[in-house]
Amino acid sequence: MKYPIGIQSFESLRNDGYVYVDKTALVYKLADTGRYYFLSRPRRFGKSLLISTLEAYFSGKKELFDGLAIEGLEKDWKEYPILHLDLNTAKYDSAEALLNVLNDSLANWETAYGTSPTEVTPELRFKGIIRRAYEQTGQRVVILVDEYDKPMLQSIGNETLQDEYRNILKAFYSVLKTQDRYIRFAFLTGVTKFGKVSVFSDLNNLKDISMDERYIDICGITEAEIHRYFEEPIHELAAKEAIGYEECCDMLKELYDGYHFETGTVGIYNPFSILNTFDSLKFGDYWFETGTPSFLVHLLKQADYNLNNLQKEQVSADVLNSIDSMSRNPIPVIYQSGYLTIKGYNKEFRIYSLGFPNKEVENGFVRYLLPLYTPVEENSTDFFAANFINDVRSGNPDGFMERLRSLFADGDYRIAGDMEKYFQNSLYLIFKLLGFYTEVERTTSRGRMDVVLKTSDYIYVMELKLDGTAEDALRQIDERGYAAPFMSDGRKLYKIGVNFSSAIRGIEKFLIE
């Protein structure tokens with residue numbers, strides 16, 4: 001079986017014999033029932049392949065669809081003039097960078113359809129090209145835009161450049177509305193949806209299908225599709241990992257499933273990670289290893305965001321669906337980028353609950369953020385975790401706490417602003433990382449953190465205070481009965497009281513019983 005890893009051309013995929021998860025019934029539904037669409041999905045989720053599939057369909061290349069669902073649906077294959085704009089091809093660090101990309105596509109289209117001396121701006125050239133393409137072919141135009149938001153994402157944090165990009169793109173995309181009579185179909189994709197006074201403000205005829213239940217699985221792979229197309233590699237992976245078939249399926253689900261783009265809909269597997277897993281016959285963090293956008297960290301730090309809230313966020317559909325480029329709220333971008341997904345919905349108040357979609361994302365996100373919020377060096381996260389885990393598993397709380405004390409002692413240069421926020425964010429990441437190897441329960445409130453660490457042989461009940469005393473922390477464990485649920489457990493129990501001091505910017509004292 002040949003896996004289309006990194007292949008974004010539908011024609012190449014079909015001609016070269018790669019496996020294709022058939023989405024063509026949905027492609028036909030799009031073309032048959034509407035004209036203007038927008039789809040937001042995380043990176044590496046198959047958006048470019050979808051655009052390429054639409055291009056092949058509207059090019060009338062019937063032979064590429066032999067044996068696929070659309071073969072029995074489409075009776076009248078036509079060739080339309082297609083304008084395909086891909087904004088995923090440049091580093092957008094100046095207004096000229098965007099104009100150069102637009103000019104390159106416009107010049108290519110003008111070679112085919114001609115130009116006019118009065119068309120001096122990108123939007124006027126675009127407008128003229130659409131009209132002439134229709135007049136010369138007798139068919140209305142199909143417009144496909146891939147990664148429409150790339151310039152906006154790369155300029156987050158630079159308001160001047162954002163304004164320039166917004167003005168250029170707003171004028172350019174507005175042509176889709178003014179030239180409606182010449183357009184058969186338009187489809188725009190991106191990671192995010194910028195709203196309000198942004199690039200779509202004049203394009204109110206664009207239907208956003210990002211949360212439309214009918215198209216939830218138009219990108220990505222469902223569990224049914226996993227078993228329809230990939231039974232053979234599942235068995236091969238299970239044999240390679242020396243585990244049973246059911247356990248292998250459970251691991252695939254835990255690692256790569258869990259994306260929900262609307263409440264009550266089928267879970268979606270990350271296609272990039274699934275294909276890489278089957279190709280290499282090895283579980284791994286494939287999606288995360290392709291790189292985390294730097295703008296995410298910029299937004300988290302700009303907002304002074306409390307990481308403890310990541311899996312407790314509750315937001316409205318308006319917040320999920322649209323990013324106000326002037327807002328300091330990082331959650332819409334984090335959700336639309338695929339690092340959080342929908343976990344629940346309160347119908348009465350129309351509020352969505354968010355959380356990590358799966359273990360790959362959760363693990364990768366924590367590992368990526370740890371060196372940015374603590375003194376742990378970027379390439380030593382696994383070494384850092386291993387030392388802590390060895391202490392925890394061997395029943396050595398003194399060694400564990402000394403490591404924790406040393407870590408914060410090295411962290412002065414990381415601390416800026418709210419000490420409590422630094423304390424909370426650092427410990428959140430550390431215990432989240434430990435939670436991948438041990439069972440961790442945490443409850444938090446202002447100025448302190450309670451943690452329960454469990455291994456097969458030991459239980460650690462920890463009370464962490466900010467600007468209190470270790471004695472008070474230890475006393476609170478007893479007074480509030482934090483250890484009571486574990487007294488009858490056969491594992492050895494340790495109670496640990498810790499005081500984190502803002503005066504010394506570290507752990508002032510810890511006590512163990």
Side-chain angles (χ1 to χ4, degrees), residues 1-23 41-50 52-53 88 191 217 219-259 266-293 337-339 341 356-371 378-383 385-386 389 433 435-437:
M1 187 176 290
K2 296 171 66 175
Y3 302 98
I5 299 168
I7 296 176
Q8 300 175 345
S9 166
F10 178 75
E11 184 169 358
S12 172
L13 182 150
R14 295 290 287 169
N15 285 334
D16 295 340
Y18 288 92
V19 63
Y20 174 64
V21 177
D22 190 354
K23 304 290 185 179
R41 284 294 182 267
R43 62 188 175 84
R44 301 261 183 193
F45 236 78
K47 299 187 298 298
S48 296
L49 179 59
L50 175 60
S52 180
T53 307
N88 199 30
V191 170
D217 58 341
C219 289
I221 303 176
T222 66
E223 186 160 353
E225 289 168 336
I226 291 282
H227 294 290
R228 177 182 175 186
Y229 294 94
F230 301 107
E231 278 295 303
E232 181 182 336
I234 293 175
H235 284 283
E236 291 175 353
L237 178 63
K240 176 79 179 305
E241 294 286 329
I243 57 178
Y245 172 84
E246 293 296 335
E247 184 180 353
C248 186
C249 291
D250 290 343
M251 288 185 67
L252 289 170
K253 188 176 186 65
E254 183 181 39
L255 284 169
Y256 309 124
D257 189 18
Y259 291 89
V266 63
I268 306 293
Y269 285 74
N270 185 317
F272 185 77
S273 294
I274 280 289
L275 293 176
N276 272 281
T277 299
F278 290 149
D279 183 57
S280 63
L281 293 180
K282 183 179 179 181
F283 295 107
D285 294 335
Y286 298 103
W287 183 70
F288 223 95
E289 287 171 357
T290 61
T292 300
S337 298
Y339 298 95
T341 196
F356 291 116
N358 52 50
K359 286 295 184 183
E360 180 191 20
V361 174
E362 183 177 17
N363 188 359
F365 201 68
V366 169
R367 288 171 180 273
Y368 180 76
L369 291 182
L370 192 71
E378 186 173 354
N379 297 322
S380 63
T381 301
D382 290 335
F383 182 73
I389 295 302
L433 181 63
F436 297 129
Y437 305 94

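- Across all their heavy atoms, Ala238 and Gly244 have their closest contact at CB-O, 3.9 Å.
- Taking the six-membered ring where the residue is Trp, the centroids of Phe10 and Tyr20 are separated by under 6.0 Å.
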Should Tyr245 and Glu231 be marked as a side-chain contact (heavy atoms from CB on, under 4.5 Å) after you check the CA-CA gap, both sets of side-chain angles, and the distance that decides it?
CA-CA 10 Å; Tyr245 172 84; Glu231 278 295 303; 2.8 Å; yes

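- In this structure, Phe230 and Ile221 approach most closely via the heavy-atom pair CE1-CD1, 4.2 Å.
- Here the shortest heavy-atom pairing between Ile234 and Cys249 reads CG2-SG, 3.9 Å.
- Shown here for Pro233 and Leu281, the closest heavy-atom pair between the two residues is O-CD2, 4.1 Å.
- Taking the side chain to side chain contact (heavy atoms under 4.5 Å, CB included) definition, one finds that Arg44 meets it with Phe272, Trp287, Thr290, sequence neighbours left out.
- A donor-acceptor contact shorter than 3.5 Å is absent between the side chain of Ser52 and the backbone of Ser48.
- Of the inter-residue distances, the one linking Leu50 atom CG with Gln8 atom CD reads 12.0 Å to the nearest 0.5 angstrom.
- Identified under the side-chain hydrogen bond (donor to acceptor under 3.5 Å, both in side chains) test for residues 232-244, with sequence neighbours left out: none.
- Tyr259 has its ring centre less than 6.0 Å from the ring centre of Phe45.
- A donor and an acceptor atom, one from each side chain of Tyr286 and Thr277, are nowhere located under 3.5 Å apart.
- For the atom pair CD1 (Ile274) and CG (Asp279), the distance works out to 12.5 Å, reported to the nearest 0.5 Å.
- We find that Glu362 and Arg367 are not joined by a salt bridge, their nearest charged nitrogen and carboxylate oxygen being 4.0 Å or further apart.
- Using a 4.5 Å cut-off on side-chain heavy atoms (C-beta onward), Leu370 and Phe365 make no contact.
- Formation of a donor-acceptor pair under 3.5 Å by the Asp285 side chain with backbone atoms of Phe288 is not found in this model.
- Heavy-atom contacts from other residues, nucleotides or ligands closer than 6.0 Å to NZ of Lys282 number 12 or fewer.
- Looking at Asp257 and Leu252, their side chains never come closer than 4.5 Å, going by heavy atoms from C-beta outward.
- Considering only heavy atoms from C-beta on, Cys248 comes within 4.5 Å of Phe283 through its side chain.
- Ile268 approaches Cys219 most closely through the heavy-atom pair CG2-O, 3.8 Å.
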Pair Tyr339-Phe356, ring-ring contact (aromatic ring centres under 6.0 Å, His included): steps then yes or no
CA-CA 6 Å; Tyr339 298 95; Phe356 291 116; 8.8 Å; no

Under the criterion side-chain contact (heavy atoms from CB on, under 4.5 Å), I'd like the reasoning laid out for Lys359 against Lys253: C-alpha separation, chi angles, the key distance, then a yes or no.
CA-CA 9 Å; Lys359 286 295 184 183; Lys253 188 176 186 65; over 6 Å; no

Are Val366 and Phe436 close enough, and set up right, to give a side-chain contact (heavy atoms from CB on, under 4.5 Å), and what steps lead you there?
CA-CA 10 Å; Val366 169; Phe436 297 129; 4.2 Å; yes

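- Residue Asn276 holds its CG atom at 8.5 Å from OH of Tyr256, rounded to the nearest 0.5 Å.
- Pairs engaging residues 3-17 under the salt bridge (Lys or Arg N to Asp or Glu O under 4.0 Å) rule: Glu11-Lys61 [sequence neighbours left out].
- In this structure, Pro42 and Ser337 approach most closely via the heavy-atom pair CB-O, 3.4 Å.
- Between Ser273 and Leu255, every side-chain heavy-atom pair lies at or beyond the 4.5 Å cut-off.
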For Met251 and Leu237: C-alpha separation, side-chain torsions, deciding distance, then whether side-chain contact (heavy atoms from CB on, under 4.5 Å) applies.
CA-CA 11 Å; Met251 288 185 67; Leu237 178 63; over 6 Å; no

